Structures are given as C-alpha cells and as structure tokens.
Amino acid sequence: MAQTNSSLPTDFIRDIIDQHLHTNRFEGRVATRFPPEPNGYLHIGHAKSVCLNFGIAAQYDGACNLRMDDTDPSGESLEYVESIINDVRWLGFNWEDRLFYASDYFEQLYQCAVQLLKNGNAYICSLSAEEIREYRGTLTEPGKESPYRNRSIEENLDLFERMRAGEFEDGAHVLRAKIDMASPNITMRDPVLYRIKRATHYRTGVQWCIYPMYDFAHCLSDSIERITHSICTLEFENNRPLYDWILDQLKVNAHPQQIEFARLNLSYTVLSKRRLIELVGKGSVTGWDDPRIPTIAGMRRRGYTPEAIRNFCERIGVAKNDSIIDMALLEHCVREDLNERAPRVLGVLRPLRLVIDNYPEGQVEECDSPYHPQNPELGSRKVPFSRTLYIEQEDFMENPPKKFFRLAPGREVRLRYGYFIKCVSVVKNPNTGEVVEVHCTYDPETRSGFAPDGRKVDATIHWVSADHSVPAEVRLYDRLFRVANPMGEDDDFTKYLNSKSLETLTTCRLESSLKGTAPGSRYQFERLGYFCVDLKDSTSQRPVFNRVVTLRDSWAKMTRQEKK
RNA sequence: UGGGGUGUCGUCAAGCGGUAAGACACAGGUCUUUGGAACCUGGAUUCGGAGGUUCGAAUCCUCCCACCCCAGCCA
C-alpha cells in the first residue's frame, strides 16, 4: 500500500477503510457517494463532503457516485439539481456516468417495503401524526405500541397497495418498521418508512403518492449502488442502527458501512441550508450567488478558485469534534492560490487627482510593467503615464502620523513602475478643507523607479493615468456577520448581520489594460487585494469587480491596534 | 433523571503506553520597486477535572464535569 506518501490526507475514516482493506471486507473495493437533496444550493460545508467522498474514491482507486437524494418532492426541483451538478463539476470532480437519483429506485424501494411487510417486519399504522408523536414517548419514557401494530400480513399488504393506488388521504396511513417502542434510541421506536404525500415530484410527476423516508431510501440506495462506505454527518449517528436494521431484515447482499464525521462550521457566517434560505428569502443578500454567502455559487462569483476551496477542505481535516473553522484559514487559502497565479495590475479605488507640475502637458509615456514580479512567465504590459494621474486617497496625508510613509507635503515616493515624485502643494476645497488635488514634481532621472544617485524612498504607491484609465465599479465585501458565531445563542441570528458587508465603489479608475477584460478573470490590484470580474453585472463598457480578499495589510493592522 | 457522540495551543488537528507533529492566527526579525510575497525565530512542562494501574499515561481503568445530537408522516 502506498501509504508512505505523506501528501495524502489521513483521518479516522481512511483508517477505517485501511482496516477494511486489511480484513478484506468489501473484497478490496471502495465506493462512496455524495448524496445531496436537491432542495437548495450547495455551500462550502457540502464542499467538505464532496472533497471527502470524491477524494477517498480517487485515493483508493474506487469510484464516487453523485446521487440526488430526492425522496421528498416538496422543495425539490430541477433548478437545484442543475445547480448541484454545476457546482460539483466546477469544484473539479467527475462522476462519469454515475449520476443517480433515489427517485429512480422508487419501484425497487416499494418492493423492499412489501418484503418487509411479508416478513412481518413492518406494518401499516393508521394513527394520526399527532398520535404517533404521543405514542413515541419521550427521551426518558418509553413509547407505547400502536394499536395497528399487529395487523395481519394480508391486511398490511392490501393497505399498502391501496396507499400506493391513491385510495387514501394524505396522512391517513403510514408504513412503519416494527422494531421496539421501548428502545432508548428514539429512532428505533417503529420509525415511519413511507408516507402518503400527494405532491408532484419534479422527476416522477404524479406517478407516486407515497414516498419513502430518508432512513428507508438512503440505506437501500447505498446498497443498490454497492456503496462500501456511506459517509455522512454526525447527526445521523443515531440513525445508524436503523440503517443496519433495514439492510439486515432485507438480507441484501451489499451492506455498506455508515461512517459519520463532523460537519463544517465557519466563523462569521452561517452554513445551514435553512439559514441560507432565510437570508436569501428575506433579501438580506441578493440571491444564492451573492458573493457574501458561502454557497459555492456565491464563492465562485466572489472569485474563489476551486483549487483554493479544495485545498481548504483538505487542510481543515476530518474528525468527529464539533468545530468552528476560522474564516482566516479560508482567506489564507485563496490568497495562497491567487498569489501564485493572479496577474498584478494597478487600480485606484478612491481616486485623488495628482498633477505633476513639471511634466510636459500632453506627453504620454508607456511604463513597462510585469504582470507578476516573481513569475516572468506571466509577461508584462505597458501602462500609460501622463501629467495628470489618480492615486489612492489614503496614500496621501497632509499631516501624516509617525509611521505613515506614503505621500505627504515635501515627501518623495515612488510611483510603481513610474517615477519618483515629490509633493509640492495641495489644492483644497475652500468650503470643506478637504484636499482635492495634490501637486508634485517628478524626477525625470528616476524613470521606471530607480534613482541613479542611489537615493531611496520609503514607499511605492499605485496610480493610474487620468485620461487613460477606465472607470469601473468595485464591490468590497466584508464578513457577513459582526460576530464569529452568529448561532451562539439560538435567538435571531440575523440581528448580527454586518451592515457594512458590502461597500460599492462607483468612481474607481483602473489601468487601461483592463478594458474589456473577461468576466471571471482574477487580478491582484497591487497593494489592495485580489479582484474578480463579476460574472453577472460586468459589461465591456463598464467593468464591475468583486474583491475576493484583501492582501495581508500590516499597516491596517497597526492602525487597528492603535485604535484599541 | 434515556440513548448516542465529543473534549489536545486563540482556531483546526496529529498522536493508538516510551516522554506533545503540522497548519491558520498571533508576536518578533530579515529582505523587498506591492507596509504584498518569501524567509527565519518564538511560543501547550502539558492533553476537560480528580483519582488509580505502570519504571513510564494525552494514550489503559474508575468516577466526575462540560458541550453537541435524537421525541418531522425533513434529510
């Protein structure tokens, strides 16, 4: 076994699989599946599961199926199926011809239920939903057996057939497993296996009016597909005895091993389908692909790469501890990836006019600028330089504090890939006193940023030529919530929403090379962060950029700490 | 007061009876035409707590404590 390769992840699940391989359970096969219910969009928590299941399959030379767990027609739709397929593929995984649907197994599942009935392992219960709840007992008290528990096999079979035929109202009867109403594990107290539900299924239409429950459908779907390791999240741990019970009663020949791991939690956001639906529904965000939410669609639009997400999923590990991963790790993973591959460009988010008094009016120079100083393979482009430029407002201070070493009156700085410039005067708005224009002189000897006399400068700032720059909109995103764990108390999590999670800047100016850049392209705006051309709103006339993540900013950190 | 889980650095997480990996975060420093990147350095005398077994325990035993999940005809 090639377990010497230290780059392969190890975790308790892989340990179990190794065990199985040694003992030859499953004849050396490894088969997994990713089984989403198509009733919502995938998020980063699903990505963890996707990476785990497909990753294990690849590592052990097995296969991972993509299966829609579509046994509850209410809420499921083709739109979600399509988004799931799209997202898993985008993440970089391939299920080849193994896209399955639990709904394709409905007939087989029905026959299994009939078998259970014939074996006396299940019965048709005619208690109402409320009665079933009452009969179930509580956490500390055993339940009571249903009065319908001992119907004859013939009656059960007849009733079940008529349930399927649509002879009864929704809720009139259910199919229940006959297990143990006194079980300390509530899941085993005669769980409901089938319910009557007159709803149009997005795939089977009105063909069925009874639908199998998760516990019944899932283990059998796994078995049908000959899955060996059925990996799911911790909350299904209580269901494992039922998973095994059903397969045992039916004497199926493929009995997968269910293994549970802790679902992902991320700080400063929410990761449950329910909360995400609430945010989208209430209009707290613009939709399932809002770049502020951790859906795969949102992250894609924000500019995250599949590589970064996969790497993140590997680094967080797999265990059974309830945990909350620090958002900083996710941010680190994108930075790490984008640092490698994103071309560097110059863009000014909050422009401040800068005039170079001694630079000839009308003259334009082309500054050769590499796309990636550390990686010449990315090539270079020419950035036009002229008398009137824009610089970042925050790169100039009239009265700079001690450690601020950007532009200030009398100070000399370097314009990246341009010249050294020195501030000689400022123009202020007479009413507000705000500096609206900075005047500088440049040193013609310092072209491309070096002084022949060897003198140094404390800062290099970015800039853009006023006449040549392209106007753009830039959207700055911040954490969705003000607190690390908005679910800390189970009160209304929406009250912790960060009202400043989106800042839209409409007067940005970008270097001319960015004109007409393709949606989805990612760049580093030097000194600012990584940005991605918006997939939806960007036009060739007016580019719209989303900030993926800022650069690490030790100046910002300093100023933040001084405030404290 | 039932059952099932989990407790190792701020956050994740290795460790599987032989004397606490690694990552992120944090703190210092080197370097730098991005206050970026890269590189170096620092940090748990201690593993939820208390006992016990052992030459030796995060790892084994006992008791206790904390947190999570389960009473949908959701998954």
Side-chain angles (χ1 to χ4, degrees), chain A residues 10-11 15 35-37 39 69-72 74-75 125 127-129 132-134 136-143 170-176 182-189 191-197 210-211 213-215 217-218 232-241 260 262 267 273-274 312 315-333 335-336 339-340 344 346 369-370 372-374 403-406 414-418 420 446 448-450 456-462 484 524-529 550-558:
Chain A
T10 55
D11 52 64
D15 288 347
E37 183 187 12
N39 67 348
D69 206 356
D70 52 359
T71 58
D72 179 4
S74 51
C125 181
L127 253 22
S128 69
I132 286 181
R133 194 185 323 121
E134 286 160 18
R136 188 150 34 220
T138 68
L139 294 177
T140 51
E141 301 156 334
D170 286 14
H173 309 282
V174 291
L175 175 80
R176 288 230 254 169
S183 172
N185 179 353
I186 295 180
T187 305
M188 299 299 272
R189 316 237 262 230
V192 172
L193 266 24
Y194 259 92
R195 75 283 212 184
I196 303 173
K197 191 167 204 159
I210 57 173
Y211 292 96
M213 300 288 290
Y214 165 84
D215 285 307
H218 204 91
C232 62
T233 45
L234 250 26
E235 65 271 27
F236 292 103
E237 216 150 17
N238 294 323
N239 300 50
R240 179 155 31 99
E260 311 84 9
S267 62
K273 213 178 269 184
R274 217 208 88 204
F312 170 77
R315 288 164 77 144
I316 57 179
V318 181
K320 298 187 75 160
N321 308 335
D322 283 313
S323 58
I324 303 180
I325 305 288
D326 194 338
M327 179 64 96
L329 180 61
L330 218 207
E331 295 177 342
H332 167 81
C333 290
R335 282 197 194 100
E336 188 178 58
N339 175 49
E340 290 276 308
R344 274 58 171 165
L346 303 181
S369 313
H372 193 130
Q374 275 77 47
K403 287 181 181 150
F404 181 88
F405 45 80
R406 279 109 98 152
R414 168 169 41 231
L415 293 175
R416 174 137 250 222
Y417 302 127
F420 281 15
T446 58
S448 86
F450 284 106
K456 300 278 194 217
V457 99
D458 280 335
T460 299
I461 66 173
H462 59 276
Q524 183 195 100
F525 290 0
E526 293 213 27
R527 306 209 301 132
L528 297 173
T550 60
L551 253 27
R552 276 184 66 232
D553 187 344
S554 43
W555 166 249
K557 194 181 284 179
M558 262 167 69

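Side chains included, hydrogens not; waters and symmetry mates left out as well; all remaining heavy atoms used. These numbers come from a predicted model, not from an experiment. In what follows, chains carry the letters A, B, and so on, assigned in the order in which the sequence lines appear, proteins first and then strands, with residues in each chain numbered from 1.
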Measure from the side chain of A/F404, starting at C-beta and using heavy atoms only, and say which of B/A25, B/G35, B/G2 lies closest. B/G35
Closest approach of A/K197 and A/S74, non-hydrogen atoms and distance? NZ-OG, 3.6 Å
Could I get the full list of side-chain contact (heavy atoms from CB on, under 4.5 Å) partners for A/E235, not counting sequence neighbours? A/T233, A/R263
Give me the distances for all protein-to-nucleotides 13-16 of chain B N/O pairs that come in under 3.5 Å?
residue : atom : partner : partner atom : Å
B/A13   : OP2  : A/N321  : ND2          : 3.1

Opposite nucleotide pairing with B/A13, Watson-Crick or G-U, both atom distances under 3.5 Å: none
Determine which nucleotide pairs with B/C60, using a 3.5 Å limit on both distances of a Watson-Crick or G-U wobble pair. B/G52
Short side-chain N/O contact from A/R195 to OP1 or OP2 of B/C74, under 4.0 Å: yes
Please give the distance between the P atoms of B/C16 and B/G7 as a whole number of Å. 15 Å
Nearest to the side chain of A/T460 - B/A75, B/A23, B/U34? B/U34
Choosing from B/U34, B/G35, B/A25, which nucleotide comes nearest the side chain of A/A328? B/A25
Can you work out whether A/T446 or A/N339 has the more 5'-proximal nearest nucleotide on RNA chain B? A/T446
In chain order, what residues pass the salt bridge (charged side-chain N to carboxylate O under 4.0 Å, His left out) check against A/D170, with sequence neighbours excluded? A/R198
Counting only side-chain nitrogens and oxygens, does A/S554 get under 4.0 Å of the OP1 or OP2 atom of B/G36? yes
Going by side-chain contact (heavy atoms from CB on, under 4.5 Å), name the residues that satisfy it together with A/I324, two or more places apart in sequence or in a different chain. A/N265, A/S267, A/N485
Would you indicate whether the side-chain heavy atoms of A/H218 and A/P35 approach each other to under 4.5 Å? yes
The side chain of A/K197 is closest to which nucleotide in this list: B/G5, B/C26, B/C74? B/C74
Look at the side chain of A/T138 and decide which nucleotide, out of B/U34, B/A71, B/A25, has an atom nearest to it. B/A71
Rounding to an integer number of angstrom, what distance separates B/A25 and B/C9 when you compare their C1' atoms? 11 Å
Want to settle it: does A/L329 or A/G171 sit nearer the 5' end of RNA chain B, counting the closest nucleotide to each? A/L329
Candidates B/G35, B/A25, B/U34 - which lies nearest the side chain of A/R406: B/G35
Distance check, P atoms only: B/C61 and B/A66, in whole angstrom units. 22 Å
Please identify each residue that fulfils side-chain contact (heavy atoms from CB on, under 4.5 Å) with A/N339, with sequence neighbours left out. A/R344, A/Y530
Say we look at B/A14 and B/A50: how far apart would their P atoms be, to the nearest angstrom? 25 Å
Is A/K403 close to A/W555 at the side-chain level, that is, under 4.5 Å between some pair of heavy atoms? yes
When you measure from the side chain of A/R552, which nucleotide among B/G3, B/A75, B/A37 comes out closest? B/A37
Among residues at least two apart in sequence or on other chains, which ones pass side-chain contact (heavy atoms from CB on, under 4.5 Å) with A/K456? none
Report the distance from atom CD of A/Q374 to atom C1' of B/A38, rounded to the nearest whole Å. 8 Å
Does one side chain, of A/N185 or A/N238, offer a donor that lies under 3.5 Å from an acceptor on the other? no
Just to confirm, is there a sub-4.0 Å distance from OP1 or OP2 of B/G3 to any side-chain nitrogen or oxygen of A/R240? no
Could you work out the separation of B/U8 and B/U53 based on their C1' atoms and round it to a whole Å? 22 Å
My understanding is that a pair needs two contacts under 3.5 Å, Watson-Crick or G-U wobble. By that rule, which nucleotide pairs with B/G35? none
A/P184 side-chain proximity, nearest of B/C73, B/G2, B/G35: B/G2
Base orientation of B/G72, chi within 90° of 0 counted as syn, else anti, reads syn
Can a donor-acceptor pair under 3.5 Å be found between the side-chain atoms of A/N238 and the base atoms of B/G3? yes
Take atom CD of A/E331 and atom C1' of B/G36, then tell me their distance rounded to the nearest Å. 16 Å
How far does the P atom of B/C12 sit from the matching atom of B/C69, given to the nearest Å? 16 Å
Which one is paired to B/A66, where only Watson-Crick or G-U wobble pairs with both distances under 3.5 angstrom count? B/U6
Please state the P separation for the pair B/U6 and B/G10 - nearest whole angstrom. 23 Å
Taking atom P in both B/C64 and B/A27, compute the distance separating them and give it to the nearest angstrom. 43 Å
A/I186 has its side chain closest, among B/A75, B/A71, B/G35, to B/A71
